[in-house]
Undergrad: 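Sharing a structure here in structure tokens format.
Just so it is clear, the values below take in all heavy atoms, side chains as well, and ignore hydrogens, waters and symmetry mates.
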Amino acid sequence: MAIFKGSGVAIVTPFNADESVNFDEFGRIIEDQIAGNIDAIIVCGTTGESSTMDDDEHLEVIKYCIDKVAGRVPVIAGTGSNCTRESVNLSKKAEALGADGLLCVTPYYNKATQDGLYEYYKAISDAVNIPIIMYNVPSRTGTNILPETAVRIAKEVENVVAIKEASGNISQVAKLASIADGCIDIYSGNDDQVLPLLSLGGIGVISVWANVAPQKTHDMCQAFFDGDIAKATKIQLEAMELIGALFCEVNPIPVKEAMNMKGFNAGIVRAPLTNMSEANKPRLEKALKEYGVID
């Protein structure tokens, strides 16, 4: 059974000016997502800036999210690392905190072989009893999970049930879907390719766009599942300018600025990222206005 079906938000982590987590504002953002009918919350992913958190803070943010959501939607904790032992440790602790599933990015920088990726996910799976979503984002990690490897892992590693496919290579996704024969759930990791991926048998998206428009991303997926392809296509295409603006600088720089423009206090991004350039702010503001997110 899928961990979730539809739109899951890769939720931002709001920071105060001193870079501490703004938990009060995090609670507001979580409630806004649930009010927007989001189908799942993915906490401490790339968009949540988990790579800048120490272990205690990482787990504190996961715990807060789980407690705040209180079972209303699934909470999936990002626990991937470039160190297998570290990912195992975080995964075990996230499970103990009550996470419904785990999102584990491929080891970054190390550039593991395909066999190394298999062993990485097997080690995490052997340590927990909750479902795991592999996260393939080679543009950020330098490592690509080949379709054959993803299928091997899904078939042989008990708790690995899904993949977030953010390679941007729709041909790779098509090959994965064709050889998987339903053995793995596929989520889009690219907001501009949700509908193409759903058409190949995917079951949803783990979305940056959903931070600013949770109802729209939910509705797009639901329309597709209901067979209203025209409506789903309309939602996808109408959002393309906004999606482009949300990725005109490295994620999560634009989406945190967008959340600030929307009226949330998402705050700053942590170094080594920098806040959005003045040159790109007008483009983002214009896209948000045209999409109806802000006045």
Side-chain angles (χ1 to χ4, degrees), residues 2-14 22-48 61-62 64-78 100-101 103 164 187-192 194-195 197-198 202-226 228 231-243 245-247 251-252 254-267 284-285 287-295:
I3 306 175
F4 75 95
K5 186 177 182 181
S7 174
V9 61
I11 200 164
V12 299
T13 305
N22 186 338
F23 284 104
D24 289 341
E25 197 65 7
F26 193 32
R28 283 189 65 218
I29 293 170
I30 290 168
E31 291 300 335
D32 180 67
Q33 288 294 315
I34 292 174
N37 288 313
I38 204 67
D39 297 295
I41 293 176
I42 294 80
V43 61
C44 290
T46 303
T47 311
V61 171
I62 291 171
Y64 180 90
C65 186
I66 291 168
D67 291 347
K68 185 69 174 177
V69 171
R72 289 176 287 176
V73 296
V75 174
I76 298 156
D100 296 291
L103 178 70
K164 175 184 176 182
Y187 297 103
S188 176
N190 296 89
D191 282 320
D192 60 349
V194 181
L195 223 47
L197 188 137
L198 292 179
I203 66 166
V205 59
I206 296 177
S207 171
V208 175
W209 166 32
N211 280 279
V212 297
Q215 188 69 58
K216 286 287 190 180
T217 56
H218 165 82
D219 289 350
M220 177 181 60
C221 293
Q222 192 59 54
F224 183 89
F225 300 143
D226 292 342
D228 193 343
K231 178 180 177 181
T233 301
K234 184 172 185 289
I235 294 172
Q236 174 80 86
L237 295 180
E238 286 179 345
M240 292 302 286
E241 182 60 34
L242 175 58
I243 292 167
L246 288 171
F247 289 92
N251 180 50
V255 72
K256 291 199 86 170
E257 185 61 38
M259 292 296 282
N260 289 331
M261 290 178 177
K262 190 179 176 181
F264 290 98
N265 184 17
L284 178 61
E285 184 176 16
L288 289 167
K289 286 181 177 179
E290 290 179 348
Y291 199 66
V293 174
I294 62 175
D295 297 326

Undergrad: Lys256: which residues meet the salt bridge (Lys or Arg N to Asp or Glu O under 4.0 Å) condition with it, sequence neighbours left out?
TA: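 Once residues adjacent in sequence are excluded, the partners of Lys256 under the salt bridge (Lys or Arg N to Asp or Glu O under 4.0 Å) criterion are Glu49.
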
Undergrad: Run the side-chain contact (heavy atoms from CB on, under 4.5 Å) check on Ile29 and Val12 step by step: do they pass?
TA: CA-CA 8 Å; Ile29 293 170; Val12 299; 4.0 Å; yes

Undergrad: Show me the side-chain donor-acceptor pairs of residues 287-295 shorter than 3.5 Å, one per line, residues at least two apart or across chains.
TA:
unit_1	atom_1	unit_2	atom_2	d
Glu290	OE2	Lys286	NZ	2.7

Undergrad: Go through the structure and list residues passing side chain to side chain donor-acceptor pair (under 3.5 Å) with Lys234, not counting sequence neighbours.
TA: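 Listed in chain order: Glu238.
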
Undergrad: Sub-3.5 Å donor-acceptor pair from the side chain of Asp191 to the main-chain atoms of Ser207, do we have one?
TA: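 Flag not set: sc Asp191 to bb Ser207 has no pair under 3.5 Å.
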
Undergrad: Is there side-chain contact between Val212 and Leu242, with at least one heavy-atom pair below 4.5 Å?
TA: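 Yes, at least one pair of side-chain atoms sits under 4.5 Å.
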
Undergrad: Once salt bridge (Lys or Arg N to Asp or Glu O under 4.0 Å) is applied, what residue pairs with a partner in residues 32-42 remain, sequence neighbours excluded?
TA: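 As it turns out, the salt bridge (Lys or Arg N to Asp or Glu O under 4.0 Å) pairs with a partner in residues 32-42, which skip direct neighbours, are Asp32-Lys262.
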
Undergrad: Could you work out, with side chain to side chain donor-acceptor pair (under 3.5 Å) as the rule, every residue matching Gln236, not counting sequence neighbours?
TA: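 Residues passing side chain to side chain donor-acceptor pair (under 3.5 Å) with Gln236: none at all.
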
Undergrad: Roughly how far, to the nearest 0.5 Å, is CD1 of Ile11 from SG of Cys65?
TA: 5.5 Å

Undergrad: Heavy atoms, side chains only, cut-off 4.5 Å: are Ile30 and Ile41 in contact?
TA: yes

Undergrad: Quick check: closest heavy atoms across Ser7 and Ala210, and the distance to 0.1 Å?
TA: OG-CB, 4.0 Å

Undergrad: Is the shortest heavy-atom distance from the side chain of Val9 to the side chain of Ile42 under 4.5 Å?
TA: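 No; the side chains remain at least 4.5 Å from each other.
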
Undergrad: Can you list the residues that meet the ring pair (Phe, Tyr, Trp, His ring centres under 6.0 Å) rule with Phe23, with sequence neighbours excluded?
TA: Tyr64

Undergrad: Less than 4.5 Å apart, side chain to side chain, heavy atoms only: is that true for Met220 and Trp209?
TA: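 Counting from C-beta outward, Met220 and Trp209 do come under 4.5 Å.
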
Undergrad: Under the criterion side-chain contact (heavy atoms from CB on, under 4.5 Å), I'd like the reasoning laid out for Val43 against Ile76: C-alpha separation, chi angles, the key distance, then a yes or no.
TA: CA-CA 6 Å; Val43 61; Ile76 298 156; over 6 Å; no

Undergrad: Could you measure the distance from the CD1 atom of Ile66 to the CG atom of Asp100? Nearest 0.5 Å is fine.
TA: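 These two atoms lie 7.5 Å from each other.
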
Undergrad: Of all heavy-atom pairs between Cys44 and Ile62, which one has the smallest distance, and what is that distance?
TA: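 Here Cys44 and Ile62 meet closest at SG-CG1, 3.9 Å.
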
Undergrad: What pairs with Asp192 under side chain to side chain donor-acceptor pair (under 3.5 Å), at least two apart in sequence or on another chain?
TA: none

Undergrad: Are the charged groups of Arg28 and Glu31 less than 4.0 angstrom apart, N to O?
TA: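 The answer is no: the pair does not qualify as a salt bridge.
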
Undergrad: Is Tyr187 close to Val205 at the side-chain level, that is, under 4.5 Å between some pair of heavy atoms?
TA: no

Undergrad: Restricting to side chain to side chain donor-acceptor pair (under 3.5 Å), what partner residues turn up for Thr13, sequence neighbours left out?
TA: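 In terms of side chain to side chain donor-acceptor pair (under 3.5 Å), with neighbours along the sequence ignored, Thr13 is linked to no residue.
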
Undergrad: Of Leu284, Val208, Asn260, which meets side-chain contact (heavy atoms from CB on, under 4.5 Å) against Val255?
TA: Val208

Undergrad: Does any part of the side chain of Val194, heavy atoms only, come nearer than 4.5 Å to the side chain of Asn190, both counted from C-beta?
TA: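 Not touching, per the 4.5 Å side-chain cut-off.
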
Undergrad: Less than 4.5 Å apart, side chain to side chain, heavy atoms only: is that true for Leu195 and Thr233?
TA: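 Of all side-chain heavy-atom pairs linking Thr233 with Leu195, at least one is under 4.5 Å.
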
Undergrad: Do Glu25 side-chain atoms and Pro14 backbone N/O form a donor-acceptor pair below 3.5 Å?
TA: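 Such a contact is absent between Glu25 side chain and Pro14 backbone.
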
Undergrad: In chain order, what residues pass the side-chain contact (heavy atoms from CB on, under 4.5 Å) check against Asn37, with sequence neighbours excluded?
TA: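 side-chain contact (heavy atoms from CB on, under 4.5 Å) check on Asn37 returns Gln215, His218.
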
Undergrad: At their closest point, which heavy atom of Pro214 faces which heavy atom of Ile38, and how far apart are they?
TA: CB-CD1, 4.1 Å

Undergrad: If you take all heavy atoms of Ile206 and Lys164, which pair is closest and at what distance?
TA: CG2-NZ, 3.7 Å

Undergrad: Does some side-chain heavy atom of Val75 sit less than 4.5 Å from a side-chain heavy atom of Phe4?
TA: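 Not in contact.
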
Undergrad: Applying salt bridge (Lys or Arg N to Asp or Glu O under 4.0 Å), name anything that partners Asp228, two or more places apart in sequence or on another chain.
TA: none

Undergrad: Phe26 ring centre to Lys68 NZ or CZ under 6.0 Å, with the angle to the axis within 45°?
TA: no

Undergrad: Tell me, please, which residues at least two apart from Thr46 pass side-chain contact (heavy atoms from CB on, under 4.5 Å).
TA: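 Thr46: side-chain contact (heavy atoms from CB on, under 4.5 Å) contacts with Tyr135, Arg140, Asn251.
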
